[in-house]
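Read the numbers this way: they start at 1 and go in the same order the structure lists the ligands and their atoms. In this chain, residues are counted from 1 in sequence order.
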Amino acid sequence: VKKIAILTSGGDSQGMNAAVRAVVRSAIFHGIEVYGVQRGYQGLLNNDIFSMDIRSVGDIIQRGGTILQSARCLEFKTLEGQQKGAAILRERGIDGLIVIGGDGSYQGAAKLSALGIKTMGLPGTIDNDISFTDYTIGFDTAVNVVVDAINKLRDTMSSHERSSVVEVMGRHCGDIALHAGLASGAETILIPEVPYDLNEVADRMRQNFEHGKRHSIVIVSEGVGRGEDVADALKERYPSIDPRVTVLGHIQRGGSPTPFDRNLASRLGDFAVRKLIEGDSNKACGVINGQLVATDIEKVVKTKKDFNMEMYELAQRLSQ
Ligand code: ATP
């Protein structure tokens, strides 16, 4: 490859900027021209493409969001849209594309690679719902945001002997709830991967309160439903607990990326560039047990992420 482009797509996540920076600087280091595509696949179809140099990615490693912006683009789901995108890249002599995003964005990259553009995917989502990587870019920062919020809730809850229901993001993946739950000492973690019984949850809360516990935190992953509904159901079963509900929402997608996310993004961005130089294509880059890996996008997209049951059981044992 001689010229490559980079875009961010789908939901934004902290660390996308660090990945863009790594791609741009690594490519230039290897003598390759780099182009930025503004607003994801929509920007590609609008030919919103500009040349990037070393300085264009200065002062962004610490910023949340994405300087390239993101968008959803229905037209790109059609064959005509994909052909138009490939043609626009070819006209500019761009033969490689790095896509930072989630599952949907990966599928777009796979379609382009079938049309002759070499593509690499980087896992950019707070949800940690992508297989063949232990972590996605943004997940660690999102978990930090949740833990920080729960620390604050604990202060006020202990003072009033209250319980809190905290609804967190993650779509169909419970990882944000699980990791933040273990780290913040949540009493109950409700996630889509593990069936639960609200009668048991309410009974346990009652017993714990009777045994002197002064506060309790229930984390609800959005994949199991709304925090408000869980709180209502618990109150019905055990009226004296009257939990307060906090929905953290998009705050979880903001803030400066943690050093972990910055370093993950930097390693993955550089790796994707090197893979394109080697002539590889249609791969999703990730880190497994500390090692950089590139896996066929089709395989990644159709494999459900492993769930860490051991960690869930540990959280349960420690939350008496
Ligand atoms: P997140 O998980 O953070 O929401 P995502 O990448 O899964 O990220 P999507 O909205 O699913 O987010 O996808 C982003 C864009 O990728 C879509 O707007 C569309 O342009 C493109 N895309 C999604 N699915 C496909 C597909 N099957 N074929 C081609 N392009 C697709």
Side-chain angles (χ1 to χ4, degrees), residues 5-17 19-20 37-49 64-66 68-89 97-117 119-133 135-143 145 168-176 192 221-223 249-254 257 261 264-265 268 272 281-286 296-305:
I6 176 164
L7 62 81
T8 53
S9 170
D12 65 317
S13 71
Q14 309 94 328
M16 279 185 164
N17 281 328
V20 171
V37 180
Q38 205 72 27
R39 289 186 198 80
Y41 292 118
Q42 188 60 56
L44 173 58
L45 298 187
N46 295 346
N47 213 334
D48 200 350
I49 300 171
T66 158
L68 293 180
Q69 300 176 284
S70 188
R72 314 248 180 216
C73 174
L74 285 180
E75 190 187 349
F76 199 74
K77 290 191 174 182
T78 66
L79 180 61
E80 296 74 49
Q82 293 150 17
Q83 284 169 337
K84 185 174 159 191
I88 287 172
L89 290 171
L97 177 70
I98 295 176
V99 172
I100 311 176
D103 264 9
S105 307
Y106 276 13
Q107 287 177 51
K111 300 286 166 51
L112 278 176
S113 87
L115 296 170
I117 303 292
T119 60
M120 285 287 147
L122 296 184
T125 164
I126 63 167
D127 299 335
N128 210 32
D129 59 351
I130 295 180
S131 60
F132 295 95
T133 187
Y135 297 106
T136 58
I137 298 165
F139 170 68
D140 185 63
T141 308
V143 169
V145 170
V168 303
M169 285 183 160
R171 297 229 237 152
H172 302 293
C173 176
D175 276 13
I176 292 180
S221 174
E222 68 177 335
H250 280 87
I251 286 188
Q252 293 162 94
R253 291 236 287 251
D261 273 331
L264 178 67
L268 286 172
S281 179
N282 202 18
K283 295 277 168 20
C285 302
D296 287 343
I297 287 183
E298 277 85 3
K299 193 168 160 190
V300 169
V301 173
K302 65 172 195 259
T303 308
K304 201 172 152 38
K305 172 122 189 161

Handout entry: Nearest non-hydrogen protein atom, atom 2 (O) of ligand 1
Key = R171 NH2, 2.6 Å

Practice task
Hey, could you give me the CD1/NZ distance between I297 and K111, rounded to the nearest 0.5 Å?
Solution key: 11.0 Å

Problem - Contact check: K111 vs ligand 1, nitrogen or oxygen atoms, below 3.5 angstrom - result: yes

Handout entry: Residue F76 vicinity, atoms of ligand 1 by number, heavy atom under 4.0 Å
Key = 20 (O), 29 (C), 30 (N)

Handout entry: Winner among M169, E75, Q107 once heavy atoms are compared against atom 26 (C) of ligand 1
Key = Q107

Exercise for the section: Look at ligand 1 and say whether Q82 reaches it with a heavy atom at a distance under 4.0 Å. Expected result: yes

Exercise for the section: Side-chain contact test, heavy atoms from C-beta onward, threshold under 4.5 Å: evaluate it for L44 versus I49 and give yes or no. Expected result: yes

Problem - Close side-chain approach of F139 to L264, heavy-atom, < 4.5 Å - result: no

Fill in the blank from the handout: protein heavy-atom neighbour closest to atom 17 (C) of ligand 1 works out as C73 N, 3.9 Å

Practice task
Tell me which protein heavy atom sits closest to atom 11 (O) of ligand 1, plus the residue, atom name and distance to 0.1 Å.
Solution key: G104 CA, 3.5 Å

Practice task
Any atoms of ligand 1 less than 4.0 Å from a non-hydrogen atom of G102? List them with their elements.
Solution key: 5 (P), 6 (O), 7 (O), 8 (O)

Handout entry: SB check R171 D129 (cutoff 4.0 Å)
Key = no

Exercise for the section: Among all protein heavy atoms, pick out the one at the shortest distance from atom 6 (O) of ligand 1; state its residue, atom name and that distance to 0.1 Å. Expected result: S105 OG, 2.4 Å

Exercise for the section: Run the numbers for me: atoms of ligand 1, each under 4.0 Å from some heavy atom of G11, listed by number. Expected result: 1 (P), 3 (O), 4 (O), 8 (O)

Problem - Any donor-acceptor pair under 3.5 Å from S70 side chain to G10 backbone - result: yes

Exercise for the section: Start with the C-alpha distance between D127 and D175, add both sets of side-chain angles, then the distance that settles side chain to side chain contact (heavy atoms under 4.5 Å, CB included), and finish with yes or no. Expected result: CA-CA 7 Å; D127 299 335; D175 276 13; over 6 Å; no

Exercise for the section: For atom CG of L74, decide whether the heavy atoms of other residues, nucleotides or ligands shown that lie under 6.0 angstrom number more than 12. Expected result: no

Problem - T8 backbone acceptor or donor facing T66 side chain under 3.5 Å - result: no

Practice task
Check each atom of ligand 1 against the heavy atoms of S9 and keep those under 4.0 Å away; list them by number with element.
Solution key: 14 (C), 15 (C), 16 (O)

Fill in the blank from the handout: the protein heavy atom lying closest to atom 30 (N) of ligand 1 turns out to be G108 CA, 3.4 Å

Fill in the blank from the handout: Nearest non-hydrogen protein atom to atom 9 (P) of ligand 1, with distance, is R72 NH1, 3.3 Å

Exercise for the section: Report yes if the side chains of F76 and L112 come closer than 4.5 Å at any heavy-atom pair, otherwise no. Expected result: yes

